[in-house]
Amino acid sequence: NAGVTQTPKFRILKIGQSMTLQCAQDMNHNYMYWYRQDPGMGLKLIYYSVGAGITDKGEVPNGYNVSRSTTEDFPLRLELAAPSQTSVYFCASSSPAGWGLNTEAFFGQGTRLTVV
Amino acid sequence: GENVEQHPSTLSVQEGDSAVIKCTYSDSASNYFPWYKQELGKGPQLIIDIRSNVGEKKDQRIAVTLNKTAKHFSLHITETQPEDSAVYFCAASTGGFKTIFGAGTRLFVKA
């Protein structure tokens, strides 16, 4: 039972390069999220998805894109990487208990990204 | 905008003592309040949660209290152990997809 799996764990990018952070969950959760965590800060929501084919912006979406072609996968794309995108990125998934009722979010182990 | 304030940012206690972390939220529509523990190099993991129709919840050495009138909720850890050392995050959710996290509290438990 893998839960939420993120790859890679670490990555160094040069300014202007692009990359995709991979996220997969095997719990059949409808909801998936991407957060970034900066030192001394809480988690900030980048994008989220309520199901395959449906995505929406969170608090800090600029510079990122996502897609959700399957229930299991939710990749995050960085185009034209900038130093401000240096952060730890977490993917999470959840399955609401009912309309308007949030439940536990399960997090991956994170991807530490440095842009130089 | 909506936010969650968390205090203290760092907390150091002696093994066996209690630890209390406090959070205040701004959105009165918040109805779900999870607490997450993040160990070094890992993702956050839920340790306890409470919904707005409950004032207190306990799970062994961990308890959470909620005061909806004051928009305030707290995490209490009793009989702390070295393995409790981690970063703890509170969060407030209105349902839907908006969950706001606090900035985190780094807890050190000294043996």
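Sequence lines set the chain letters: A, B, ... in the order given, protein chains first and strands last, and positions in each chain run from 1.
With a 4.5 angstrom heavy-atom cutoff, A/Leu43 touches chain B via backbone and side-chain atoms both. Looking at A/Tyr35, the atoms closer than 4.5 Å to chain B (heavy atoms on both sides) all sit in the side chain, from C-beta outward. Using a 4.5 Å cut-off between heavy atoms, A/Ala92 makes no contact with chain B at all. Residue A/Gln37 touches chain B through its side chain alone, counting heavy-atom pairs closer than 4.5 Å. Using a 4.5 Å cut-off between heavy atoms, B/Pro34 does not touch chain A at all.
Here B/Ile48 contributes atom CD1 and A/Glu104 contributes atom CD; the two are 12.0 Å apart, rounded to the nearest 0.5 Å. Between the CE atom of A/Met41 and the CZ atom of B/Phe101 there is a distance of 13.5 Å, given to the nearest 0.5 Å.
Residues B/Val64 and B/Val54 share a single hydrophobic cluster, defined by chaining ILVMFWY side chains whose heavy atoms lie under 4.5 Å apart. Under the 4.5 Å side-chain heavy-atom criterion for grouping Ile, Leu, Val, Met, Phe, Trp and Tyr, A/Tyr47 is not connected to A/Tyr33 through any hydrophobic cluster. Neither B/Phe108 nor B/Val20 shares a network with the other; the hydrophobic side chains, linked directly or stepwise wherever heavy atoms of I, L, V, M, F, W or Y lie under 4.5 Å apart, form separate groups for each. Criterion: ILVMFWY side-chain heavy atoms under 4.5 Å apart, direct or through other members. Under it, A/Leu78 and A/Val60 are part of a common hydrophobic cluster. With hydrophobic clusters built from ILVMFWY side chains whose heavy atoms lie under 4.5 angstrom apart, B/Ile21 shares a cluster with B/Ile50.
The two atoms that bring B/Gln38 and A/Phe90 nearest to each other are NE2-CZ, 3.1 Å, heavy atoms only.
The neighbour count for A/Ile12 CD1, taken as heavy atoms of other residues, nucleotides or ligands under 6.0 Å away, does not exceed 12.
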